[in-house]
Amino acid sequence: MKKFELLAASAIALLAANPALAQTTPPPGQPATTGTPTPQADDDNQIGDIVITAQRQSESLQSVPIAVSAFSAANLKEQQINTTSDLQLTLPNITYTKSNFTSSSSFNIRGIGDLCVGVTCDAATAIHVNDTPVLGSPIFQNEYFDLERVEVLRGPQGTLFGRNATGGVINFITAKPDLSGIHASGDVEYGNYDSVRVKGMFNLPLGDIFGIRVAGYYLKRDGFTKNLFTNSQIDGRDQFDIRASIRFQPSSSTTLDIVGHYFKENDDRSRIQKQLCHRDPTGVLGCLPDRLGNDTVNGNAQFSSTLTSTEFLRIAYAGTPLAAVGPTFALGSVYGADAFSGAVNPSDMRTVNDDYAPRFKTNEKQVLANLVQDFGDITLKLDGGYTEGSTDSTVDYTLATETRNYQTNAGLNTFNAVAGSGALGPGFLAARNALLPNGNTSSLCQSLAEPTGTGVFGGHAICAPTSLDFDRSTGSANQYFGEGILSSKFTGMFNFLLGAGYLNYHLKENSYYVNSFALDYASVLFGGGSGYSATPFYRNNTTDYTLKSYGIFGEAYVNFNDKVKLTLGLRYNHDDKHVEARTTLLTGVVVPFNTTNVYTSPAFVNFDADPTRTGIQPLAINDVSFSRLTGRAVLDWQITDRNLLYASYSRGYKSGGINPPLTPVFAVPVGFGPESVNAFEIGSKNTFLNGTLRLNLTGFYYQYKQLQLSRIVARTAVNDNVDADVYGLEAEAIIKPSRQLMFNLNASYLHTKVTTDKFLANTQDPSGGRADAVIIKDLQYGNNCAVISNAGIAAQSNGFVGAVNAGLGLRAPTAIPGTNTTGAFSLCSVLTANATAASGVTVLQEGVTTNIRGNELPQSPHYKFSAGVQYTADIGDWTLVPRADLTYTGGYYGSIFNQNINRIQGYEVINAQIQLNGPKDRFYLRAFIQNLTNNNAITGLYVTDQSSGLFTNAFTLEPRRYGVAAGFKF
């Protein structure tokens, strides 16, 4: 369907839904409180409305010409919406999934989500609390409590909500003190997984103009995942949040709200639910690219294994004093059994076999202030606040336990004996004592993930019978924000809104580590006996990231008559980004064993963190600035006081950023550009049948330019830009045929497509589908390159690799199952040096690129619908309220490459509850069940780096939960 045909069809459908009744109404949609909102329910038989601030002013939901869904506190409880994961189930054209890193979750609105990964990336969905933007907040990990409402705005909202709201906005409005009287409420819930959830609120007015409100919750439960290794549950929760609010209202024209909260979590939450892999028997890839399976990765494909293999040590030590003995220290052969040979990955999506327990710690402190001063025709609104927080999480990197027996490992025992004898000097002896205290191979000591970079050699060690492969993600940040808005409410045809805001966000530290015994061991083998190659673990470290952003914006409102209004808005936004970062792992810079901090060690002075610049750079330091003028135009027609039709155009924008620094062998751009979107929308909001039927319809078309998209290179996320088109339809309905019975219905359609040529190498299949491509596993870096025949002749490329490998003492290419090509272990640098014009082959460092033009965007299901039904039965002064909800999300891709292996199947979720309410709703008893069918459906996928073996981390729905609850309020 062409874009204009879609919009035309949408317009016809929307006009048909709006009968032109000859009624006169006051001027609709005026700023602030003078507009005519959609009528509130006249009686219990009608559907009530919600007052929202989607246009930075108080207006009723049905009068706002924006695609927005709003949930009151009652809605959240009725639909069992406790978290963001619950919230997305009820919304059209929205998906949500957890992701691989501590700070990343993807809230995808109309195909636009957080496809960009990195500290300088900006979220496509802007998160606001009480109209104040918050960056890097753990709000997606938090529980909802004592909220007045939640607003979800779909589509670019940059004009009013500021920077980078290209996908949309989620605005959480907390409940404020009520000055009319003392109020309190409390809830206690108990469910399976030994889950205890307690919520409470106390509201106290202090005179007529001052009030306080204190609310909080506590959640503790067992884990959702069974760990066979420890015979225990993991992925549990132990968290709490407390919020205090103050309201000062000296007059009806002045209101000051100050809200502060503290959130803390300390438990065994696991960032990864499951790993999937169809094992590659050759070890060239690690996991095959044809399908996802319940196998473990072939460990020979991992960087730690290639570096410590007989084959690479023989090549690396050739011509050195260790040429004879060095290769005998190898932990294995890339052609032999790997560290995970015979390891079992349980088929159940909620069962793992981890030898390293997850830990998760996070906290957030926040103070927000909102001042509204009404001067009559002019209203001043000031918003601002301060937020700080930190997160520290660690998890088993492979979600598996190595099967390699290190006690009988020939290479390790040889190293233990030779190095332990002192024959290789005091350096190797010191290394042996650090890795194998007292020469005991039954207890391997390896590095903890820690900031000095010295690891096990600096006394930061963890010991176990086998290698513990784990990662750690840490971050600490704070932000300041301030914004002022002036809006008018004149009685004439013209009104305006003017505003300006400033944001200062400072990421003080952010690190991602990957650790294993084999990496520590390799750092010794390549230290030459005088020390170790630093750092002995992978660390991608941002020591400083600062964002300074300001925006100036305004809107003009023209009421041509009492039915038709034109809105014109502009915003100028400017971002300054400063980042200092480095990536270290076995850099070749050798530091002594007595080093206390690698990064300040005199020996580390030769480490170059930024090869793109001349001279030695201890950190890759970059500064970038982005500025853009954006805006919107909206024409809305209030056909009747219950029927609104609107059409809009908006220009969205999200600033670019800096990619993490990588070793020079991996050619990636230093930065990535900003993205922009032209968004066209037509919509209608209607209330029919005397207030018993509400039907909202929306059609939209987006033109995306330079959409930011991430991929993994050398264990690090780097970002590119592509162009894309997006269009779709949305319908939201509430039907209330009687006071007792109510239905909720939502449905959506979405189409996304990359519209320009973009050639990228698919890390899962570096052959790009070419039969003449030989996939190479590089022994030195652990990445994959590809050798292709210039004439497209498979025998030519295979013969070339076989000849070069013969000179290196390596095997010729062999067929890789699940592909139509072959692969081999080799050295990409040597192959490149031999790939002369006469050879007839070319070595592609990233593999064969494929054109992603025409592919769908990730996390973008074509179809989604939800339905809910609720009935209220009167039993004297009591009521019994059963409710059931069904959501279906259609299938979509978890990767831009749109391969079968990336396809996520559609899934349904069914929730139900029954609640008994006492007289005047003073107390209640409730029984509930969520995810009735215990659906373990996958919601997101993350493909790891080639040097890790290309296993896929899968993220799933939460399992079936059920329980009972009781509460009171007065």
Side-chain angles (χ1 to χ4, degrees), residues 274-312 330-347 353 397-405 409 467 469 516 518 762-779 782-787 794 797-798 801-802 805 808-828 847 899-902 943-954:
K274 190 69 174 178
Q275 281 182 358
L276 301 174
C277 173
H278 183 203
R279 184 179 173 87
D280 169 23
T282 71
V284 172
L285 293 173
C287 295
L288 297 172
D290 56 345
R291 62 177 176 84
L292 295 177
N294 287 298
D295 303 329
T296 53
V297 63
N298 188 326
N300 286 338
Q302 296 182 324
F303 180 55
S304 55
S305 293
T306 60
L307 278 183
T308 56
S309 67
T310 302
E311 291 74 22
F312 183 66
L331 295 179
S333 166
V334 293
Y335 303 117
D338 68 285
F340 296 102
S341 292
V344 176
N345 182 11
S347 59
N353 189 32
Y397 187 68
T398 58
L399 288 191
T401 301
E402 288 194 10
T403 56
R404 173 175 286 161
N405 188 336
N409 184 272
S467 175
D469 309 310
S516 78
N762 183 354
T763 56
Q764 289 182 289
D765 185 6
S767 72
R770 289 183 57 161
D772 67 308
V774 181
I775 303 173
I776 302 299
K777 168 60 68 171
D778 188 82
L779 294 174
N783 65 299
N784 291 118
C785 63
V787 178
S797 52
N798 279 272
V801 174
N805 272 11
L808 293 172
L810 301 172
R811 296 180 185 176
T814 185
I816 300 178
T819 72
N820 63 348
T821 190
T822 59
F825 290 92
S826 190
L827 293 173
C828 295
Q899 300 297 304
N900 288 335
I901 192 173
N902 313 127
V943 181
T944 51
D945 177 62
Q946 293 169 340
S947 66
S948 297
L950 295 171
F951 54 79
T952 297
N953 290 336

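What you see below is based on every heavy atom in this structure, not just the backbone, and it leaves out hydrogens, waters and symmetry mates.
Between I776 and S826, the shortest heavy-atom distance links the atoms CG2-CB, 3.7 Å. Closest non-hydrogen pair, C277 versus G286, comes out as SG-O, 3.8 Å. Minimum interatomic distance between P813 and N798 (heavy atoms only, all atoms of both residues): CB-OD1, 3.3 Å. Pairing each heavy atom of P817 with each of T282, the nearest pair is CD-CG2, 4.2 Å. When all heavy atoms are compared, the tightest approach of A337 to R404 is O-NH2, 4.1 Å. Counting all heavy atoms, side chain and backbone alike, D280 lies closest to C287 at CB-N, 3.9 Å.
For the atom pair CG (D338) and CG (L331), the distance works out to 12.5 Å, reported to the nearest 0.5 Å. Note: L399 CG to N345 CG = 8.0 Å, rounded to the nearest 0.5 Å. Note that the OG atom of S767 and the CG atom of N820 stand 6.0 Å from one another [nearest 0.5 Å].
Between L285 and Q764 the shortest side-chain heavy-atom distance does not fall below 4.5 Å. By the 4.5 Å heavy-atom criterion applied to side chains, V284 and N784 are counted as neighbours. Side-chain contact between L779 and L808 is absent, with no heavy-atom pair separated by less than 4.5 Å. Two residues are said to be in side-chain contact when any heavy atoms from C-beta on lie closer than 4.5 Å; P346 and K274 meet this criterion. At a threshold of 4.5 Å between non-hydrogen side-chain atoms, the residues L288 and I816 count as touching. Side-chain contact check for L950 versus T763: some heavy-atom pair is nearer than 4.5 Å. Side-chain atoms of T944 and Q275, non-hydrogen and from C-beta on, never get closer than 4.5 Å to each other.
Counting only distance, with no hydrogens or angles, the side chain of N300 and the backbone of V334 share a donor-acceptor pair below 3.5 Å. A donor-acceptor pair under 3.5 Å is absent between the side-chain atoms of T310 and the main chain of S333, judged by distance alone. Not one N or O on the side chain of S309 forms a donor-acceptor pair closer than 3.5 Å with the backbone of G332.
The side-chain contact (heavy atoms from CB on, under 4.5 Å) test with T401 singles out one residue from D469, V344, N353, and that residue is N353.
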*Just do the side-chain contact (heavy atoms from CB on, under 4.5 Å) check on Q946 and C785 with the steps written out, would you?*
CA-CA 10 Å; Q946 293 169 340; C785 63; over 6 Å; no
- prompt: Would S516 and Y397 count as a side chain to side chain donor-acceptor pair (under 3.5 Å) if you check the C-alpha gap in whole Å, the side-chain angles of each, and the deciding distance to 0.1 Å?
  reply: CA-CA 9 Å; S516 78; Y397 187 68; over 6 Å; no
From CA spacing to verdict: ring-ring contact (aromatic ring centres under 6.0 Å, His included), Y335, F825 = CA-CA 9 Å; Y335 303 117; F825 290 92; 5.7 Å; yes
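The list of salt bridge (Lys or Arg N to Asp or Glu O under 4.0 Å) pairs with a residue in residues 764-779, not counting sequence neighbours, reads R770-D772. For the side chain to side chain donor-acceptor pair (under 3.5 Å) condition, the pairs that include at least one residue of residues 286-298, sequence neighbours left out, are H278-D290, H278-R291.
Judged as a ring-ring contact (aromatic ring centres under 6.0 Å, His included), and not counting sequence neighbours, F340 has no contacts.
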